[in-house]
Amino acid sequence: MMQLPATRAGRVGRAISATVILLFLAMPIVIILVTSFGADGIGTFPPEHYSTHWYEQITAPGGDWATSIALSSLVATLTTVFSLILGATAATALARGRLPLHSAVYGLVLAPLLIPQVVIALGLFLFFEPVGLLGSPLAIALGHTVLAAPVAVLIMISTLRGIDERLEDAAASMGANRLTIARRITFPLATPGLIAAAIFSFITSFDEFFIAQFMSTPDTRTLPVLVFNALQFDVDPTVTAVSAVLIALAITALALVALVRKLGGVKHQQQGAVLPVEPLS
């Protein structure tokens, strides 16, 4: 189909529209970032005076905010490990295996993404409460894995499907077993996907609220739970600093994913997708 050349007015109109949309989407983020440096105690925008007081509050040793950040970091790290193990295993089976009920298994793996999180949180509460594991970082991490693992599976399936299976077949024809093929061929080529899955799993756990709320105790509150408690009956300006940190974390994570993808693509092109010359056995 013939395409009409874009006029100057059309290009200017699209540029203005895109700019307005981007500014509208970025406006809440900008407001939070600016407000987080306000010196007043009511979180006004724009602030009359600027200070880093609220950032000092969340980094104060032994404070509630520092304790919650440490707990969320521990839970997110455990969730990342569990999600990578489950995600790599399930993705390999779905992308490389010949499962008799492939579609049903695929739908079951992705089901937690479709079920309301509050329903999953209630089910986990009823499961962990009788055994006395509420408030345990391990139990919260296992609950977060229910949500993070499907994300890791999606990323890993996409990554594995982008790897030429002929490389694995060639390694097998030279006598390499399945473990050697996975260790020397598949997973080195899937490293960008593994890193991306790890980053998104960490962010999913760090930002999750419903499961953490149902499974937390007064002594173990993750950062999202503490933010909710701080805003439930009052407006705590410290929350704006916490929100700014979470925004910075999300932007950093997306930048890392983009960088890993780019470096992985350059490395793959340089290698020419050839097998290593040293023995595989």
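Worth knowing before you read on, the calculation uses all heavy atoms, side chains too, and leaves out hydrogens, waters and symmetry mates.
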Check: At their closest point, which heavy atom of S243 faces which heavy atom of I32, and how far apart are they?
Finding: CB-CG2, 3.6 Å

Note to self: Please determine whether side chain to side chain contact (heavy atoms under 4.5 Å, CB included) holds for the pair M156 and L194, giving the CA-CA distance in whole Å, both sets of side-chain angles, and the decisive distance to 0.1 Å.
What the structure shows: CA-CA 7 Å; M156 289 305 302; L194 284 170; 3.6 Å; yes

Check: Do R221 and L71 have side-chain heavy atoms sitting under 4.5 Å apart?
Finding: no

Notebook entry, point to check: Under 4.5 Å between any side-chain heavy atoms of H144 and T204, yes or no?
Noted result: no

Notebook entry, point to check: Is there a side-chain contact between M215 and L124, using heavy atoms and a 4.5 Å cut-off?
Noted result: yes

Next item on the list: To the nearest 0.5 angstrom, please state how far the CD1 atom of I140 sits from the OG1 atom of T145.
Entry: 11.5 Å

Item checked: Non-hydrogen atoms of A248 and T252 that approach each other most closely -> O-OG1, 2.7 Å

Check: Under the 3.5 angstrom rule, does the side chain of T220 hit a backbone N or O of S216 as a donor-acceptor pair?
Finding: no

Check: Do the non-hydrogen side-chain atoms of D64 and L226 ever get within less than 4.5 Å of each other?
Finding: yes

Next item on the list: Report the distance from atom OG1 of T80 to atom CD1 of I85, rounding to the nearest 0.5 Å.
Entry: 11.0 Å

Notebook entry, point to check: How long is the span from the OG1 atom in T180 to the CE atom in M174, to the nearest 0.5 Å?
Noted result: 11.0 Å

Check: Checking side chain to side chain contact (heavy atoms under 4.5 Å, CB included) against I251, which of L249, L254, I247 comes through?
Finding: I247

Check: Taking C-beta and beyond as the side chain, do F206 and L223 meet within less than 4.5 Å on heavy atoms?
Finding: yes

Check: Out of curiosity, L94 CG to T89 OG1, how far, rounded to the nearest 0.5 Å?
Finding: 11.0 Å

Notebook entry, point to check: According to a 4.5 Å side-chain heavy-atom criterion applied to Ile, Leu, Val, Met, Phe, Trp and Tyr, with indirect links allowed, do V146 and L134 form part of one hydrophobic cluster?
Noted result: yes

Note to self: Testing the basics here: between S73 and F202, what is the closest heavy-atom pair and its distance to 0.1 Å?
What the structure shows: O-CE1, 4.0 Å

Checklist line | Connected via hydrophobic side-chain network under 4.5 Å: V225 and L138 | finding: yes

Margin query: Working to the nearest 0.5 angstrom, can you tell me the gap between L154 CG and L113 CG?
Written below: 6.5 Å

Notebook entry, point to check: Are V153 and V257 grouped together when hydrophobic residues (ILVMFWY) are joined by side-chain heavy atoms under 4.5 angstrom apart?
Noted result: yes

Notebook entry, point to check: Parallel, tilted or perpendicular for F125 and F214, by the 30°/60° rule?
Noted result: perpendicular

Notebook entry, point to check: Is T222 close to S68 at the side-chain level, that is, under 4.5 Å between some pair of heavy atoms?
Noted result: no

Notebook entry, point to check: Which atom pair, heavy atoms only, marks the closest approach of S201 to A148?
Noted result: OG-O, 3.9 Å

Check: Are L108 and I155 grouped together when hydrophobic residues (ILVMFWY) are joined by side-chain heavy atoms under 4.5 angstrom apart?
Finding: no

Margin query: How close do V239 and A230 get, counting heavy atoms only, and between which atoms?
Written below: CG2-CB, 3.9 Å

Check: Closest heavy-atom contact between L78 and P137?
Finding: CD1-O, 4.3 Å

Check: About how many Å separate CG of L147 and CD1 of I211, when rounded to the nearest 0.5 Å?
Finding: 4.0 Å

Item checked: S205 and T79 side chains, donor-acceptor separation under 3.5 Å -> yes

Next item on the list: May I ask you to test the L122-V118 pair for a side-chain heavy-atom distance under 4.5 Å?
Entry: no

Note to self: Applying a strict under-4.5 Å side-chain criterion to I, L, V, M, F, W and Y, I'd like to know whether F37 and L33 cluster together.
What the structure shows: no

Notebook entry, point to check: Looking only at atom types and distance, does a side-chain atom of E208 sit under 3.5 Å from a main-chain N or O of A212, one as donor and one as acceptor?
Noted result: yes

Checklist line | Validation row: Y106, I157 side chains within 4.5 angstrom (heavy atoms) | finding: yes

